[in-house]
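Atoms within each ligand, like the ligands themselves, are counted from 1 in listed order.
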Amino acid sequence: MVADSIKFSAPGKVILFGEHSVVYGHPAIAAAIGLRALCEVTRSNEETITISAPMLFSDQTFTISEKSIVPTELESFKHILLLLSRSHENGFIPKVELSSSIPPSAGLGSSAATAVSLTASLLEFYGHDHDLETINDIAFESEKITHGSPSGIDNSISTYGGGIIYEKGVITPLTSKIPSSTLVIIDSGIPRQTKKLIEKVQKKKDVEPKNVQTIFNKIEDITLDAKKYLESGNIRQVGNLMNENHELLEKLDVGIPFISNIVDFIDKTDALGRKLTGAGGGGSVIALYDDYEYAKDVVSDFVINGFDAYLTNIFETGVKIEE
Ligand code: MEV
C-alpha cells in the first residue's frame, strides 16, 4: 500500500575547503546548509509519470517516458525516474512535484539536493529500502548527467548531512566545534555551470600540469589543516585558511571580477575569512563571523544592495522524510 503522499527533503551545501582539487582525488570539506530541496510523490491517476518543478519552470508539467523530451535541467531527474520505475515496477504511476529554497546555479548544491530528495521519495514510493548508500549512489549517477565528471561530494553531503571530509569517494563525518550559525552566504546572482568550470580547470591542468598540481597540493594542505582547526574549534585559523583557499582558487582561474568585488566588500567587515564556494565563475561567496548579530547586519547590508544573502545554519541534517 503506497501512502497518499511521500515527501523527502535534502539539504544544499557549502564547500568549506577543497573544491576542484577534490575532482582529482584530493580531500575536501563540505557542510550541509539550512536551505533544502523538497520532493513530493503521489500516486497519479494518469497513465504516465509526470514531473513539475515550479522553481525552474513555473507552472509547466512534463511527461516522463523513454521517448519524452524534457528541458536540460530535468534530464538527470528523468534518468532517476526511468531507472527506478524500470527496476522497481509495482504498477503505480508517480506524480512528482519538486520545490526548493536553494537558489539554482549558485554553487549551493541545488541539483544534488533535488536528486537526493527525488531518489529517496521514489525508493519509498516503490516500496524499496532507502538506505543512505543506495540514495547516494543513484543521486551520483544523476549528478554525472548534469555536471559531466563531478567528484560526488555534492550528493554525498546532501545525503549524509552534517559536515564531511570527502576524498576519492570515501565519506568521513567531521565533528566541528565552530558555531553553526555565523556563516554568511552571498549569491553573486551570476549563474555558474559546474560542468564548464570543471572542464576549464581540466584544460588548465592539461596546459600547465605542474603549476596546477602545485596549487592542488597547497589546497590539500589547507584542507587538512582546516579539518584540525574545525575539530578543535579554532575559528580564527579556519577563517585564515578560507582566505588562503580563495587565493588558490583565483590562481585556478575560477574567480571573476564580480566575485572579487564581493570579497573586497566583505574585507571591509569583521569577517574572519571568506572564499568563493563551489565551482566559481559566478555562484556564491561564503564569509565566516564569530558574532551572530553582526553577521545578521552584514546580510542586511547585502540585501539592501540587491543581493540574495543568507545567514543559514551549517552542519544540518541530511536527507529526511517530511510529514
Ligand atoms: C562543486 O560543488 C564542486 C567542484 O569541486 C566539483 C565537484 O567536486 O564535483 C567544483
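- Listed by first and then second residue, the side-chain hydrogen bond (donor to acceptor under 3.5 Å, both in side chains) pairs involving residues 297-321 amount to none (not counting sequence neighbours).
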Donor-acceptor contacts, no H, no angles, side chain residues 177-185, under 3.5 Å, sequence neighbours left out:
unit_1, atom_1, unit_2, atom_2, d
Thr182, OG1, Tyr289, O, 2.7

May I have a table of the N/O to N/O pairs between ligand 1 and the protein that fall below 3.5 Å, each row giving the two atom names and the distance to 0.1 Å?
unit_1, atom_1, unit_2, atom_2, d
ligand 1, 2 (O), Lys13, NZ, 3.0
ligand 1, 2 (O), Asp154, OD1, 3.0
ligand 1, 2 (O), Asp154, OD2, 3.1
ligand 1, 5 (O), His20, N, 2.8
ligand 1, 8 (O), Ser151, OG, 2.6
ligand 1, 9 (O), Ser151, N, 2.8
ligand 1, 9 (O), Ser151, OG, 3.4

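- With respect to the salt-bridge test (charged N to carboxylate O, under 4.0 angstrom), the residues Glu199 and Lys204 do not qualify.
- In this structure, His20 has its ring center no closer than 6.0 Å to that of Phe216.
- Aromatic ring centres of Phe62 and Phe57 lie closer together than 6.0 Å.
- Counting only residues at least two apart or on different chains, the side-chain hydrogen bond (donor to acceptor under 3.5 Å, both in side chains) pairs with a member in residues 6-17 are Ser9-Arg36, Ser9-Glu322, Lys13-Asp154.
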